[in-house]
Amino acid sequence: MNQVEIYTDGACKGNPGPGGWGVLMRSGTTQKELYGGEPGTTNNRMELTAVIRALEALKRPCAVTLYLDSQYVLKGITEWLPGWKAKGWRTASKQPVKNVELWKQLDDLLLKGGHVVDWRWVRGHNGDPGNERADALANLGVETVQR
């Protein structure tokens with residue numbers, strides 16, 4: 001399996017407001033950057049979208065080390081998702097899961113993609129070069145919808 005290192009981030013100017021997502025991918029000596037945006041969105045949606053776009057960009061099953069600064073995405077994927085699915089996409093308080101279509105898309109990518117993902121949280125805006133670049137790309141994504 002190819003080893004891939006991925007950094008993802010989301011940004012939002014206003015919450016909701018114009019938002020962007022950014023992805024930095026590295027494998028060996030190859031590096032790829034992705035970004036995009038949406039006019040009316042939330043930070044959590046952009047954090048999720050960054051992870052989805054990163055995994056969609058992989059052409060074959062990979063061993064992924066995925067760095068993100070979103071506790072929402074990290075806890076959602078590593079802790080909450082099995083319970084949400086078992087409860088028909090409802091939270092512990094029986095409320096509908098927010099951003100359910102994105103969570104379903106991410107879950108599907110993980111189930112069908114064949115990737116082995118090691119989820120790693122990093123503190124945002126704390127000098128980690130990969131996270132700082134993903135943040136800059138997410139802000140570029142915001143700019144694409146603010147023009």
Side-chain angles (χ1 to χ4, degrees), residues 1-27 31-126 128-142 144-145:
M1 265 191 173
N2 282 6
Q3 300 282 326
V4 181
E5 192 174 71
I6 298 174
Y7 288 85
T8 64
D9 203 7
C12 213
K13 305 303 178 196
N15 201 17
W21 55 269
V23 175
L24 171 64
M25 306 174 81
R26 293 184 188 135
S27 183
Q31 181 169 298
K32 185 174 187 172
E33 296 181 341
L34 308 168
Y35 65 90
E38 294 179 15
T41 190
T42 65
N43 193 64
N44 283 342
R45 290 185 67 80
M46 292 295 90
E47 295 280 2
L48 270 166
T49 299
V51 174
I52 290 166
R53 296 294 173 258
L55 294 175
E56 284 176 342
L58 299 174
K59 305 293 186 228
R60 67 183 77 70
C62 295
V64 177
T65 304
L66 198 147
Y67 298 90
L68 66 168
D69 62 11
S70 169
Q71 286 287 334
Y72 171 70
V73 176
L74 181 66
K75 287 185 177 183
I77 203 66
T78 62
E79 296 176 28
W80 305 331
L81 190 68
W84 289 341
K85 289 169 68 173
K87 294 179 182 93
W89 294 98
R90 299 244 172 225
T91 65
S93 60
K94 299 189 178 18
Q95 298 302 307
V97 171
K98 289 182 180 169
N99 306 311
V100 68
E101 77 285 359
L102 294 175
W103 285 111
K104 285 180 176 180
Q105 195 175 351
L106 178 54
D107 185 44
D108 194 54
L109 278 168
L110 292 169
L111 290 172
K112 294 180 179 169
H115 310 299
V116 176
V117 181
D118 179 10
W119 300 91
R120 304 244 183 120
W121 183 79
V122 294
R123 185 174 303 282
H125 311 287
N126 205 40
D128 182 292
N131 178 258
E132 295 293 340
R133 185 61 190 151
D135 179 67
L137 291 166
N139 282 294
L140 278 174
V142 174
T144 65
V145 295

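We number each residue from 1, following the sequence as shown.
- Atom CD of Gln3 and atom SG of Cys62 lie 9.0 Å apart (nearest 0.5 Å).
- Judged by distance alone, the side chains of Asn15 and Asn43 never bring a donor and an acceptor atom under 3.5 Å apart.
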**Report entry** Verdict with reasoning, Tyr7 to Asp128, per side-chain contact (heavy atoms from CB on, under 4.5 Å)
**Finding:** CA-CA 10 Å; Tyr7 288 85; Asp128 182 292; 3.2 Å; yes
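- The distance from atom CD1 of Ile6 to atom CG of Leu55, rounded to the nearest 0.5 Å, is 5.5 Å.
- In terms of heavy atoms, Leu34 sits closest to Met25 at CD1-SD, 4.1 Å.
- For the side-chain contact (heavy atoms from CB on, under 4.5 Å) test, residues two or more places apart in sequence or in another chain that qualify with Gln71 are Leu74, Lys75, Trp121.
- How far OG1 of Thr49 is from CG of Asn44: 10.5 Å, rounded to the nearest 0.5 Å.
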Report task. Test Glu47 against Asp69 for side-chain contact (heavy atoms from CB on, under 4.5 Å), laying out the working first. Result -> CA-CA 9 Å; Glu47 295 280 2; Asp69 62 11; 3.4 Å; yes
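- Among Glu5, Arg26, Arg133, the one residue that satisfies the side-chain hydrogen bond (donor to acceptor under 3.5 Å, both in side chains) test with Gln31 is Arg26.
- A distance of 11.5 Å separates CG of Asn99 from CG of Leu106, quoted to the nearest 0.5 Å.
- The shortest side-chain heavy-atom distance between Glu38 and Pro18 does not fall under the 4.5 Å cut-off.
- Expressed to the nearest 0.5 Å, how far CZ of Arg120 lies from CG of Leu66 amounts to 10.5 Å.
- A distance-only check finds no donor-acceptor pair linking the side chain of Thr8 to the backbone of Val23 [under 3.5 Å].
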Report task. Could you walk me through whether Trp119 and Val51 pass side-chain contact (heavy atoms from CB on, under 4.5 Å), step by step? Result -> CA-CA 11 Å; Trp119 300 91; Val51 174; 3.8 Å; yes
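- Lys104 has its side chain out of reach of Lys85: every pair of non-hydrogen atoms, C-beta onward, lies at least 4.5 Å apart.
- In terms of modelled atom types and a separation under 3.5 Å, the side chain of Thr91 and the main chain of Gln95 share a donor-acceptor contact.
- What you find for Pro61 and Gly114 is that their closest heavy atoms are CB-O, 3.4 Å.
- Judged by distance alone, with hydrogens and angles left aside, the side-chain atoms of Asn139 form a donor-acceptor pair with the main-chain N or O of Asp135 at under 3.5 Å.
- The shortest side-chain heavy-atom distance between Asp9 and Glu132 does not fall under the 4.5 Å cut-off.
- Here Tyr35 pairs with nothing under the ring-ring contact (aromatic ring centres under 6.0 Å, His included) rule; sequence neighbours left out.
- At least one donor-acceptor pair under 3.5 Å links the side chain of Thr144 to the backbone N or O of Gly141.
- Electrostatic pairing of Arg53 and Glu56 counts as a salt bridge here, judged by a charged N lying under 4.0 Å from a carboxylate O.
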Requested in this report: Run the numbers on Leu102 and Ile52 for side-chain contact (heavy atoms from CB on, under 4.5 Å), then give the verdict.
Outcome: CA-CA 8 Å; Leu102 294 175; Ile52 290 166; 4.0 Å; yes
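- Side-chain contact between Val116 and Val64 is absent, with no heavy atoms from C-beta onward closer than 4.5 Å.
- A heavy-atom distance below 4.5 Å is found between the side chains of Thr41 and Cys12.
- Taken to the nearest 0.5 Å, the NZ atom of Lys87 stands 9.5 Å off from the OG atom of Ser93.
- Partners of Trp103 under the side-chain hydrogen bond (donor to acceptor under 3.5 Å, both in side chains) rule, at least two apart in sequence or in another chain, are Tyr72.
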